[in-house]
Structure formats: C-alpha cells, structure tokens
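Here the structure is laid out as structure tokens; the discussion comes afterwards.
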Amino acid sequence: MLLNKKILLCVTGGIAVYKAVALVSKLAQSGAEVKVMMTESAKEFVTPLTFQAMSRNDVYFDTFDEKDSRVIAHIDLADWADLVVVAPATANVIGKLANGIADDMVTTTLLATTADVWIAPAMNVHMYENKAVIRNIDRLHADGYRFIEPSEGFLACGYVGKGRLEEPEKIVELITAHFTTPRHLPLAGKKVVITAGPTRERIDPVRYVSNFSSGKMGYAMAEAAEALGASTYLISGPVGLAKPAGVTVIDVESAAEMLEAVRAQFDDAAIVIKAAAVADYRPKDVHPQKMKKQAGDSAIELERTTDILKTLGTMKTHQVLVGFAAETNDAVDYGKGKLASKNLDYIIVNDVTDPDAGFGKDTNVVTLLSKNGTHQPFHAMPKKELANVLLAAIMKEESEQLHDR
Ligand code: PMT
C-alpha cells in the first residue's frame, strides 16, 4: 500500500539514528520511494552512504550543495514529499521547528513543505520531560504536526524511561494506516471506467454471435481500481460473475450499447481500461422472429461494429486510455500496432494460445506496452493479482511522467 508513496525522512543527531536505517529499509520494501535528509550531527552517528544504499537515492544535508541546477533542492524535496517523517527527532530540532527557526537543510525543508509532517522524538527521559521540550511539543501539536510517541525502556544514556525511538516496524505500520485511509488511497477522487466480458450481437430473439470472454479479467481490474480508492464504473457485457462491492456496474449486451455506455462515462474519467472482448462484427439484419430451420445451408451476413476503443482514442483529452489485445500469434507486434492505431497510452497484450492465459482462465500472462516505448512482460499469475500489478505499473509510469514534466 506504500507503492509510489514519496516519503522524505529527516534524520537528526541521536543514537537512534541506527534505527532510522532500518526504517528506510522497511519503507522501501513496502514500495515507498524514500529520500533521506540528515543534519550535520546525524552524520556523526551514521554516514550518508548507508542511507544512500538503503534508499537508492541521493542523501541531502547541505542546503548549498545544489545537485540539480534546475531546482532549489530543499524546496524541490519539500514539494516532492507526500509525507515528511522526522526520525529520530532531537529536542533541538523540535525546539527549532516550534520557533520557526530554519538554519540548516532539515529545518528549512520542514518550514517549506505543505505535506503532513510526523515527528518521532528520541532523547533522554529527563530531556523529554523538560518543560521547554513539553512546551515545544504542545505548540507543534497545536500547529498540526503529528507525533509518534517514543516508547519506554532502556535508553542509551543508561536511564530507563520514556525516550526510545518507536520501533521501525511500528512506524511503518502507522504510515501504512495513514496512506490507506480513503482520502490517501492512490486513486482517491479519480474516476476509472472499465469494460469487461463479451458482447452479444443478436441474430434473432433466441440466437446471437459472441465470444468466450468470461469477464474475469475486467472484473479483477475493477476490484483492483476500487481497492485503490477509485470511483469505479464497470461496463459489463453478459457474464455470470458477482458484482464487485462498491463498483457501479452498468450492464450492456451489444457493442452498440457498450459504446453508448462508455461514451456517457468518458468525459470525467481519469483512466479508461477496455478489457472487454467486443464483437468486431454483428449480423447485418436482426430477425424480429425466430429464424426457421430450412433445408440446406444458411449464411448470415455480418457488418462491422464500431471500434469503441478507436473512437475513444479520437475523443481523448486528459484520459489515460488502456486497451487489451487478445492475440494468437506475434502478440507483441500486433499489440504495438493497436497501441498506435487506436491512439492508446497503454496496451495489455495477451497471447490467448498460452495455456495460462486468455478467455475464461483464472490466470493470465501479459505484456504491458506503453506509448513511450516501455515493454513490461508479466509471468503467469491469477487475474486478481495481475490486475493490481498492472494498475501499479501504469500508475508508476504515469507519476514518473508527471514528475518529469
Ligand atoms: O474475460 P476473460 O475470460 O477474463 O478473458 C480476458 C480477455 C482475454 C477477454 C482479455 O484479457 C482481453 O484480451 N480483452 C480484449 C479482447 C479483445 O477484444 O481484443 P482485440 O485485440 O480484439 O481488441 C483490442 C482492443 O480493442 C480491446 O481493448 C477491445 O476491448 C477493443 N475493441 C475491439 C473491438 C471493438 N469493436 N471495440 C473495441 O473497443
């Protein structure tokens, strides 16, 4: 759930700095992108290189060491962060922040950020109970800063009492809970429209042309989007699946009905994913009565349906448009062709001849292609799991693009 969350960890000088190393490691393992900023005194305990290796990012400590001439580093980092955590937070940094003092990179960044700031104090028990420290903490509480209370136990100074930096596992738990409240979910406030299942094209009142799509892939995508906080619309052809909780399901039968329904939801959608297997042809004439059996063979004349995805590709303004391609040979090459000809941002290519992939299966094997030329193959996995992986990959690429702009 911390996937793509940007966490700035400000490390200040106390013996608990060693725990901050474990914190970075656990945050990174949970999918967060972590950048570390250190005070000069923190560097006396652990070198920046350790944090660089754990976070796989540059470590910042000198306000005047501008690594990128296009930005001012402390403002850029203040804007970049989804959450700033000060751990361990000394009495000194708490005092400076409570009084608006900005005399190094950490305190300057703390004043510049509009992200939530969490402070995890660690110090000697008597320092923690000092009236000035209590006053500063109260003031920061009133200013909207959140504190991760230190725990009680043996302190490095030999005392037993309150002042130990909370354990890294517990801090990660609190951060995860913070980001999984509905307003922090990655797709909160975004409308995601997904199509699923087959379409049925009527021949007469009792017969139709269709395909073997079960809807499993599209329904899994809808469940994944909903779990990520999206306002999810699932436009579904006729399938035998239970409606996913929380998702608005719009039932349709034919390609023409699906086109109509998708168009109605398109304008304010952020992401549109077309997992449905839409019929490319429909009977030219629909018989109002059941066709009677006749001697000899019979033929049904078919006409093209509208290509819904291609139509959306011409209407696209801000929407991220994602298609699927069901192929039986040269899957990636055909997928690339559809990505370009339908003006898509992404296409998810499945070779439906693979025994673990395609129509009706519980698993799928796909390659995600993007209009930027990225190419990510995914091994066989349950469609429900794959849906999460695909959404995460798309969101990651989208957020990197936004960041680059
Ligand atoms: O439903 P399941 O049993 O779980 O199976 C999943 C699946 C195999 C159906 C799914 O993974 C998949 O590949 N869906 C797309 C199937 C398909 O129609 O592929 P296509 O290559 O023919 O079409 C390419 C894209 O154009 C698709 O996104 C399709 O929705 C869209 N299209 C096609 C024709 C048309 N008239 N309008 C469209 O929008």
Side-chain angles (χ1 to χ4, degrees), residues 193-201 209-224 234-242 244 252-263 265-266 271-282 302-316 319-369 378 380-387 389-391 394:
V193 178
I194 293 160
T195 68
T199 64
R200 283 181 186 168
E201 311 301 329
V209 177
S210 190
N211 59 62
F212 291 110
S213 170
S214 63
K216 287 177 188 170
M217 191 68 242
Y219 274 57
M221 296 298 297
E223 277 168 26
L234 175 61
I235 297 167
S236 174
V239 297
L241 301 175
V252 297
E253 185 178 283
S254 64
E257 285 175 22
M258 187 172 277
L259 172 66
E260 199 66 12
V262 178
R263 283 178 86 123
Q265 301 302 333
F266 190 67
I271 306 176
V272 178
I273 303 172
K274 285 224 70 252
V278 184
D280 288 320
Y281 293 92
R282 65 177 165 222
L302 300 175
E303 65 179 10
R304 288 293 305 269
T305 57
T306 304
D307 189 321
I308 303 171
L309 198 49
K310 198 166 185 172
T311 308
L312 300 178
T314 63
M315 294 165 60
K316 194 170 77 162
Q319 296 85 352
V320 174
L321 196 52
V322 185
F324 270 76
E327 305 294 346
T328 52
N329 58 295
D330 303 317
V332 168
D333 285 344
Y334 280 117
K336 278 184 188 160
K338 288 177 184 175
L339 178 72
S341 68
K342 300 190 188 207
N343 190 27
L344 308 179
D345 298 287
Y346 300 89
I347 195 151
I348 298 158
V349 183
N350 32 202
D351 180 341
V352 293
T353 60
D354 186 309
D356 291 323
F359 294 90
K361 304 274 169 51
D362 287 327
T363 56
N364 209 354
V365 187
V366 303
T367 301
L368 174 68
L369 306 175
F378 295 98
M381 65 182 99
K383 284 178 177 169
K384 282 177 189 278
E385 190 183 330
L386 180 63
V389 171
L390 286 168
L391 276 179
I394 290 169

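We number each residue from 1, following the sequence as shown. Start at 1 and go down the list; that is how both ligands and their atoms are numbered.
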Among protein heavy atoms, which sits nearest to [atom], and what does the distance come to when rounded to 0.1 Å?
atom	answer
atom 23 (O) of ligand 1	Phe324 O, 3.8 Å
atom 26 (O) of ligand 1	Lys342 NZ, 2.9 Å
atom 34 (C) of ligand 1	Asp280 OD1, 3.2 Å
atom 2 (P) of ligand 1	Ser214 OG, 3.3 Å
atom 18 (O) of ligand 1	Ala277 CA, 3.4 Å
atom 1 (O) of ligand 1	Ser213 OG, 2.6 Å
atom 11 (O) of ligand 1	Asn350 OD1, 2.6 Å
atom 37 (N) of ligand 1	Ile308 N, 3.0 Å

At a 4.0 Å threshold, what atoms of ligand 1 neighbour a non-hydrogen atom of [X]?
X	result
Ala279	36 (N)
Lys274	27 (C), 28 (O), 30 (O), 38 (C), 39 (O)
Met217	4 (O), 6 (C), 11 (O)
Lys338	20 (P), 21 (O)
Gly323	28 (O)
Thr305	36 (N)
Lys383	2 (P), 3 (O), 4 (O), 5 (O)
Gly360	2 (P), 3 (O)

Any heavy atom of Gly218 sitting closer than 4.0 Å to ligand 1? no
Test your reading of the model: is there a side-chain donor-acceptor pair from [X] to the backbone of [Y], 3.5 Å cut-off?
X	Y	result
Thr305	Asp280	yes
Asn364	Ala357	no
Ser210	Thr199	yes
Glu327	Val349	no
Asn211	Ala277	yes
Lys216	Gly360	yes

Heavy-atom pair with the smallest gap, counting every atom of Val332 and Leu369: O-CD1, 3.9 Å
Nearest heavy-atom contact between Asn343 and Gly313 is ND2-O, 2.8 Å
Can a salt bridge be assigned to the pair Asp356 and Lys361 using a cut-off of 4.0 Å between side-chain N and carboxylate O? no
With atom 39 (O) of ligand 1 as the reference point, say which of Val239, Ile348, Thr363, Leu309 has the nearest heavy atom.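 Selected option, by shortest heavy-atom distance: Leu309.
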Heavy atoms only: which of Ala276, Ala275, Ala220 lies closest to atom 9 (C) of ligand 1?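 It is Ala275 that holds the nearest heavy atom.
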Taking the side chain as everything from C-beta on, heavy atoms only, tell me whether Leu321 gets closer than 4.5 Å to Leu309.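 When only atoms from C-beta onward are counted, Leu309 and Leu321 do touch, with a gap below 4.5 Å.
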Step by step, would you call Lys274 with Leu312 a side chain to side chain contact (heavy atoms under 4.5 Å, CB included)? CA-CA 10 Å; Lys274 285 224 70 252; Leu312 300 178; 4.1 Å; yes
